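Notes for the one structure printed next.
As the structure is a computational prediction, the values presented were derived from the model and not from experiment. The sequence lines fix the lettering, A, B, ..., with proteins before strands; numbering per chain opens at 1. For the numbers below, each heavy atom of this structure counts, side chains included, while hydrogens, waters and symmetry mates do not.
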Amino acid sequence: MKIYDTLSKKKAELIPAQDKKIGIYLCGPTVYDYGHLGHGRSAVVFDLLRRYLMFRGYKVTFVCNWTDIDDKTIDRANKEGIPVDELATRFINIYKDDFKKLGILEPDFSPKPTEHMEEIVSFIQRLFDKEHAYTLDDGVYFDIASFKDYGRLSGQRLDDLKKGVRVEVSDKKKNPGDFALWKFEKPGEPSWPSPWGKGRPGWHIECSVMSSHFLGESFDIHCGGQDLIFPHHEDEIAQSQGAGYRFARYWMHNGFLNIDNEKMSKSLGNFFTLRKAFERFAPLAVRFFLLSAHYRAPLNFSADTLHQAEAALERYNDFIQRVQEVINSKKETNKKISTIKSRVEKARQQFTEGLDDDLNISRALAAISELVKDSNILLEKGELSREGAEEVMSFMQDVDTVLGVFTFEREMLSEDIERLIVERNQARAERDFSKADEIRDRLTNEGIILEDTKDGTRWKRV
RNA sequence: GGCGGCAUAGCCAAGUGGUAAGGCGACGGUCUGCAAAACCGUUAUACGUCGGUUCGAGUCCGACUGCCGCCUCCA
């Protein structure tokens with residue numbers, strides 16, 4: 001499999017440090033507010049990566065943190081007059097719930113910086129020992145000039161950074177790009193002890209510490225949103241490599257979710273929370289939407305693009321239902337020789353080739369679409385045998401271990417509704433179409449769509 | 001100002017130098033009591049613009065235009 005590595009700026013063959021074992025660290029959200037579709041995209045896209053690697057037979061260890069202590073969680077907690085940890089716990093639970101609805105597999109580890117304080121402190125001590133850290137009156141800082149590779153990930157040069165950064169009057173930092181490792185306690189803020197004084201960690205240090213804690217001093221893939229490349233990931237590299245670790249071997253970054261072609265973000269105020277999205281669209285349709293564009297490309301959110309995703313997904317689910325009907329059918333299976341088995345193999349190959357190429361989802365989905373179309377033709381002619389249907393179904397199930405968007409289990413209808421369907425079919429048999437249409441309209445209003453086929457009436461919920 | 005990305009039909013979107021996948025939508029048709037679903041057909045002489053390399057370019061090179069992102073918290 002090839003992936004695009006932000007550090008080398010090219011597609012590279014993914015070669016794990018240990019055969020068939022892959023460690024992934026994803027920078028998770030700061031938990032001070034509801035998650036929006038942009039957070040959803042990052043989570044979904046790297047869930048796809050994880051699931052695909054598992055599909056390819058790798059043993060994946062997936063770590064995704066919650067940032068539970070920083071300026072934003074503190075501000076928000078103060079505003080609400082509650083302790084920071086209470087606020088964080090509340091939003092972690094909300095995120096977990098949203099992510100579950102999106103079909104995101106739970107990470108193997110979901111660490112929080114507040115639970116790794118001793119390690120954070122000793123990591124900073126190590127940076128002092130290696131002469132990368134210095135103390136000012138408000139905290140401990142990393143000296144970026146002491147790390148020769150600073151700027152390599154983001155393509156920023158130290159000189160340019162100096163020009164770009166607005167220097168605050170009272171700033172005593174050696175270099176404007178120097179960043180806080182440890183911030184000394186201010187009134188009303190939670191704090192932890194350290195050799196330099198009570199305080200709390202800077203933002204970047206947590207990821208350096210927790211990734212190495214769970215995955216080791218060198219691990220395979222570090223992921224996150226493109227906005228984290230600078231300064232967050234640049235600073236993580238400086239800390240971890242400054243501490244003498246090899247750190248991440250590959251870097252992957254997802255593109256933004258846009259709204260009206262602008263980045264969706266809290267600071268711009270144009271965000272759409274996941275909760276709000278779920279009120280209008282089924283969570284799995286939202287997942288499919290977030291999945292349907294290449295992970296590095298910008299993805300524009302609109303009612304239209306989401307409806308397109310919804311319609312495409314519905315076509316797959318309808319198809320799965322029809323295939324299931326053939327499998328369940330008591331009728332004599334058609335003995336006609338079908339080439340469906342080799343057709344499924346071709347689709348499987350195209351699906352894999354697509355995703356092997358830096359998660360080219362469009363090619364993978366095209367492979368499924370083409371198989372669906374070819375199978376529909378056989379279904380139409382009644383030439384899909386039960387064995388053929390089972391082949392197709394197992395393909396759909398396999399690809400869904402990666403995509404996680406299809407619906408295989410059907411809910412049961414209430415007896416009332418079932419009785420209405422029987423009643424309507426009686427009316428149809430008696431050619432009382434006005435009564436039949438009346439019942440159909442009534443069910444449509446309840447969200448049940450009926451489809452009449454040769455073998456009876458099929459229903460689905462919208 | 002520095003760094004980076006993107007420009008393919010009404011919309012979303014793939015595309016390894018050899019002549020434009022797939023999906024959504026629309027229109028026409030088959031099927032249906034009517035629908036729905038499915039299928040068939042139509043829907044880009046054309047890939048932001050202008051040059052160049054080549055037998056041949058959406059695909060490589062250069063210039064230009066437009067949009068977006070990072071450089072400050074942000075997935």
Side-chain angles (χ1 to χ4, degrees), chain A residues 6 9 26-30 32-33 35-46 64 67 70-72 75 151 154-157 159-166 168 176-177 203 223-232 234 253-258 261-268 271 289 292-294 296-300 302 304-316 318-319 321-322 350 354 357 360-370 372-373 375-381 428 431-434 436-437 440-441 444 449-454 457-460:
Chain A
T6 311
K9 294 179 176 53
L26 167 64
C27 282
T30 302
Y32 71 105
D33 202 354
H36 60 62
L37 285 165
H39 298 111
R41 183 177 193 196
S42 187
V44 163
V45 145
F46 294 115
C64 180
T67 297
D70 85 322
D71 294 347
K72 292 189 296 288
D75 287 351
S154 57
Q156 307 280 344
R157 289 180 313 158
D159 300 345
D160 296 331
L161 285 172
K162 280 182 185 165
K163 290 177 204 154
V165 174
R166 283 180 289 254
E168 288 162 37
W203 176 33
C223 311
Q226 277 172 355
D227 49 355
L228 297 184
I229 294 173
F230 191 89
H232 186 52
E234 195 71 70
H253 292 93
N254 67 279
F256 292 125
L257 187 80
N258 293 338
N261 291 314
E262 266 194 336
K263 175 184 170 183
M264 177 182 288
S265 76
K266 294 244 173 89
S267 31
L268 288 173
F271 60 93
F289 164 73
S292 58
H294 184 81
R296 280 188 287 119
L299 174 60
N300 203 44
S302 69
D304 190 44
T305 50
L306 237 145
H307 278 303
Q308 288 184 18
E310 209 173 31
L313 183 57
E314 192 181 3
R315 180 164 179 263
Y316 293 130
D318 286 356
F319 171 72
Q321 191 187 341
R322 279 194 299 280
Q350 287 174 338
D357 183 15
N360 189 326
I361 191 74
S362 296
R363 278 167 64 190
L365 292 177
I368 298 172
S369 282
E370 284 167 17
V372 166
K373 183 160 202 161
S375 304
N376 268 331
I377 292 169
L378 292 176
L379 279 167
E380 197 74 6
K381 293 193 285 194
R428 287 175 68 222
R431 306 192 67 78
D432 182 357
F433 296 122
S434 62
D437 290 348
R440 185 169 59 190
D441 291 345
T444 302
I449 299 283
L450 299 186
E451 295 172 9
D452 299 321
T453 75
K454 287 188 218 55
T457 297
R458 171 191 297 145
W459 63 273
K460 69 178 174 194

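rC11(B) and rG5(B) have their P atoms separated by 26 Å, with the value rounded to a whole Å. Nucleotides rU59(B) and rU19(B) place their C1' atoms 12 Å apart, quoted to the nearest Å. One P atom belongs to rA21(B), the other to rU16(B), and the distance between them is 14 Å to the nearest Å. Across the C1' atoms, rA38(B) and rA20(B) are found 27 Å apart, a figure rounded to whole Å. Atom name P, nucleotides rG41(B) and rG22(B): the rounded distance is 11 Å, in whole Å. Spacing between rC12(B) and rA26(B) at atom C1', rounded to whole Å, works out to 15 Å. Here, rA9(B) and rG15(B) have their P atoms 16 Å apart, quoted to the whole Å. Taking atom C1' in both rG48(B) and rC67(B), the straight-line distance is 11 Å, to the nearest Å.
Separating the CD atom of Gln321(A) from the P atom of rA38(B) is a distance of 12 Å, rounded to the nearest angstrom. Rounded to whole angstrom, the span from the CG atom of Asp318(A) across to the C1' atom of rG23(B) amounts to 15 Å. When the P atom of rC12(B) is taken as reference, atom NE2 of His294(A) falls 18 Å away, rounded to whole Å. Rounded to whole angstrom, the span from the CZ atom of Phe319(A) across to the P atom of rG23(B) amounts to 13 Å.
For rG69(B), its base never sits under 3.5 Å from the side chain of Gln226(A) at any donor and acceptor pair. For Gln156(A) and rC3(B), a side-chain-to-base donor-acceptor distance below 3.5 Å is absent, hydrogens and geometry of angles not being considered. Between the side chain of Arg440(A) and the base of rA35(B), a donor-acceptor pair under 3.5 Å is found. Under 3.5 Å, the side chain of Asp304(A) and the base of rG25(B) form no donor-acceptor pair of N or O atoms.
One finds a side-chain N or O of Asn360(A) lying less than 4.0 angstrom from the OP1 or OP2 phosphate oxygen of rG15(B). Phosphate proximity of rC39(B) to Asn376(A): present, with a side-chain N or O under 4.0 Å from OP1 or OP2. Here Lys9(A) does not reach the OP1 or OP2 of rC3(B): none of its side-chain N or O atoms lies under 4.0 Å away. In terms of phosphate contacts, Lys454(A) brings no side-chain nitrogen or oxygen within less than 4.0 Å of OP1 or OP2 of rC31(B). Listed pair Arg315(A) / rC39(B) meets the phosphate criterion, a side-chain N or O lying under 4.0 Å from OP1 or OP2.
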Open item on the list: side chain to side chain contact (heavy atoms under 4.5 Å, CB included), that's the test. Do Arg428(A) and Arg440(A) meet it? Break it down for me.
Closed with: CA-CA 11 Å; Arg428(A) 287 175 68 222; Arg440(A) 185 169 59 190; over 6 Å; no
Task: Test side chain to side chain contact (heavy atoms under 4.5 Å, CB included) applied to Lys460(A) and Glu314(A), step by step - done: CA-CA 10 Å; Lys460(A) 69 178 174 194; Glu314(A) 192 181 3; 2.9 Å; yes
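Across all strands, Arg296(A) comes closer than 4.0 Å to no nucleic acid atom at all (heavy-atom distances).
For Gln308(A), whose side chain is taken as the heavy atoms from C-beta onward, the closest listed nucleotide among rA13(B), rG33(B), rC24(B) is rC24(B). Distance from the side chain of Pro29(A) is smallest to rA75(B) among rA75(B), rC34(B), rG22(B). Here the side chain of Ser362(A) is nearest to one of rA75(B), rG23(B), rA13(B), namely rA13(B). For Asp357(A), the listed nucleotide lying nearest its side chain is rG15(B); candidates were rA75(B), rG33(B), rG15(B). Taking every side-chain heavy atom of Pro231(A) into account, rC73(B) is the closest of rA75(B), rC73(B), rG33(B).
The side chain to side chain contact (heavy atoms under 4.5 Å, CB included) test with Asn258(A) is passed by exactly one of Ser302(A), Ser265(A), Pro298(A): Pro298(A). Paired with Lys72(A) under the rule side chain to side chain contact (heavy atoms under 4.5 Å, CB included), one option of Thr30(A), Asp33(A), Thr67(A) passes, and it is Thr30(A).
Across all strands shown, rA44(B) forms no Watson-Crick or G-U wobble pair with both key distances under 3.5 Å. The nucleotide rG62(B) finds its pairing partner in rC50(B), both defining distances of the Watson-Crick or G-U wobble pair being shorter than 3.5 Å.
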